[in-house]
Amino acid sequence: MSNVFEEKNLSKAVLMVGLPAMLGQLTTLIYNMADTFFVSLTKEPAMIAAVTLCTPILLIIMSIACIFGMGGSSVIARLLGKEEKKQAASTLNFCTYAMILAGVIVMIIGLLFLPRIVMMIGADEVNMGYTADYLLYIFIGTPFIMLSNGLIHLFRSTGLIKEGTLGLMIGNGTNIILDFLFINIFGWGAAGAAAATSLGFVISSLYYLLCLIKKNKNADPLFDLAPSSFNIEINMIKDVVKIGIPGALITVLMSVANIVLNNYIAIYGSDAVASYGIAYKIDMVPIMLSVGLSQGVAPLIGYWFGAGNQQRMGSIMRLSMIYGVILGVFFMLSFLFFGPQLSMIFLHQDDLIMQTSSFLRILCLSAPALGIINMVTSYFQALGKALQSLSITIMRNAVLFIPAVMILNRMGGLQGVIAAQPVVEGILMIICIILYGKDKIIKAK
């Protein structure tokens with residue numbers, strides 16, 4: 001672990017933690033796009049729309065895992081920086097069992113209220129059946145979805161970066177294979193896509209648990225997951241939840257904002273929802289890579305904050321933001337020039353292809369800003385500054401985004417609704433620069 005966190009070459013250190021996390025996010029995106037791709041082969045826009053409508057619910061489930069995954073990761077990294085390994089082990093144990101319990105609770109709630117949830121997320125008469133089928137299998141797999149998404153964050157904070165990425169790749173690879181079998185061979189449609197997704201998370205969860213068992217057998221005290229070692233310490237739980245809830249709210253509020261957005265797009269018909277779903281999935285490439293970079297670097301920032309090395313922490317932040325902006329500019333230019341060609345991978349009707357490429361060219365304008373927004377958000381999470389992290393989340397998805405959708409819908413119709421994302425991200429980037437600058441001034445004093 002010291003080879004990762006104490007690497008003297010800053011670029012190498014950032015790449016050592018950032019690239020595996022980016023690769024993990026990319027494989028997650030590939031399996032998510034695989035769902036859409038295999039469903040699109042059915043040439044049924046209503047089925048594509050159903051997958052789009054269900055995505056916010058899947059993200060909300062993942063975000064609940066982040067309460068203990070991202071929160072625990074931040075706490076563990078800072079404890080290891082202070083060389084308090086026993087407390088770090090206790091935190092890892094608590095977070096693992098908490099995710100399992102939370103998964104079971106959400107599964108039960110989801111299955112009990114499935115019809116109401118389907119109506120809430122904007123399903124109409126055309127796609128309602130497909131939407132219900134998809135959500136049914138997602139809720140059944142909820143405990144494993146949570147465990148897999150939470151453990152990868154805990155693995156990164158404990159130095160198991162390769163194992164975390166490999167588990168994600170194994171799960172996503174399983175999902176892609178099952179997508180082909182369930183959708184295109186067995187003809188299960190949206191239900192098959194959801195079943196493949198859940199089973200992929202089952203496989204990755206089992207892999208992560210095997211890694212933990214192996215570490216425990218090697219007598220590493222950091223990885224003691226025995227039920228007898230489960231210890232509820234109020235201060236530890238407060239530290240985890242204090243950081244985890246803002247981290248989870250990033251995805252929850254984003255999902256709520258997307259539900260609002262989907263309802264507005266649904267006004268213009270199921271084809272509009274399908275086109276936006278494809279454009280958004282393509283635009284998720286730079287979004288997920290930016291998230292992966294920021295999440296990968298966060299334990300490194302937390303480690304050096306715990307060690308009291310402000311200078312090295314600041315250098316890592318600057319370098320990571322530069323990498324993030326360069327990445328965003330590359331994808332923005334790529335989508336502006338090759339929007340139609342990318343849309344043709346998923347769609348076959350000329351009118352939908354043109355509409356999707358138009359949406360993509362609008363959405364991609366926010367890509368460069370993400371390199372700053374996501375890094376500043378992860379910076380505050382890594383330092384345990386929940387208020388600043390939470391304020392960015394609320395501004396992004398409640399204060400700015402939802403009103404922007406409503407206002408721009410009146411001003412520009414469907415194109416205006418789509419433009420809400422780049423408008424909001426541009427404003428938020430400026431706010432994040434100000435917040436980060438103020439925090440640096442306070443530290444200097």
From [X] atom [atom1] to [Y] atom [atom2], the distance as rounded to the nearest 0.5 Å:
| X | Y | atom1 | atom2 | value |
| --- | --- | --- | --- | --- |
| Met317 | Ile301 | CE | CD1 | 5.5 Å |
| Ile67 | His153 | CD1 | NE2 | 12.0 Å |
| Leu79 | Lys85 | CG | NZ | 12.5 Å |
| Met107 | Ile140 | CE | CD1 | 8.5 Å |
| Ile372 | Met429 | CD1 | CE | 5.5 Å |
| Met284 | Leu289 | CE | CG | 10.0 Å |

Verify the distance criterion only: is there a donor paired with an acceptor across the side chains of Ser275 and Gln355 at less than 3.5 Å? yes
Could you check whether Tyr137 and Thr197, counting side-chain N and O atoms only, form a donor-acceptor pair closer than 3.5 Å? no
Could you check if a side-chain atom of [X] sits within less than 4.5 angstrom of a side-chain atom of [Y], using non-hydrogen atoms only?
| X | Y | answer |
| --- | --- | --- |
| Leu147 | Pro143 | no |
| Pro299 | Ser73 | yes |
| Asn184 | Asp179 | no |
| Pro286 | Phe335 | yes |
| Leu319 | Val297 | no |
| Ile282 | Phe346 | yes |
| Asn127 | Val273 | no |
| Leu212 | Leu151 | yes |

Which class fits the ring pair Tyr276 and Tyr280: parallel under 30°, tilted 30 to 60°, perpendicular over 60°? parallel
Pairwise ring-ring contact (aromatic ring centres under 6.0 Å, His included) hits with a residue in residues 203-224, at least two apart: Phe155-Tyr208
Quick check: are there more than 12 heavy atoms from other residues, nucleotides or ligands sitting under 6.0 Å from [atom1] of [X]?
| X | atom1 | result |
| --- | --- | --- |
| Gln341 | CD | yes |
| Phe186 | CZ | yes |
| Tyr268 | OH | yes |
| Met354 | CE | no |
| Met119 | CE | no |
| Met169 | CE | no |
| Asp350 | CG | no |

Donor-acceptor pairs under 3.5 angstrom involving side-chain atoms of residues 259-267: please list them, not counting sequence neighbours.
| residue | atom | partner | partner atom | Å |
| --- | --- | --- | --- | --- |
| Asn262 | ND2 | Asn258 | O | 3.2 |
| Asn263 | ND2 | Ile259 | O | 2.7 |

Working for side-chain contact (heavy atoms from CB on, under 4.5 Å), residues Thr131 and Cys54: CA-CA 7 Å; Thr131 304; Cys54 293; 3.5 Å; yes
Asp271 and Gln349: side-chain contact (heavy atoms from CB on, under 4.5 Å), yes or no, with the steps? CA-CA 11 Å; Asp271 283 358; Gln349 299 99 315; over 6 Å; no
Minimum heavy-atom separation for Val376 to Cys432, with atom names? CG1-O, 3.8 Å
Atom of Pro422, atom of Ser366 and distance for their closest heavy-atom approach: CA-CB, 3.7 Å
Go through the steps to decide whether Val51 and Lys281 satisfy the test side-chain contact (heavy atoms from CB on, under 4.5 Å), and finish with yes or no. CA-CA 11 Å; Val51 175; Lys281 288 289 175 67; 4.0 Å; yes
Those residues at least two apart in sequence (or on a different chain) that pass side-chain hydrogen bond (donor to acceptor under 3.5 Å, both in side chains) with Ser204 are Ser148
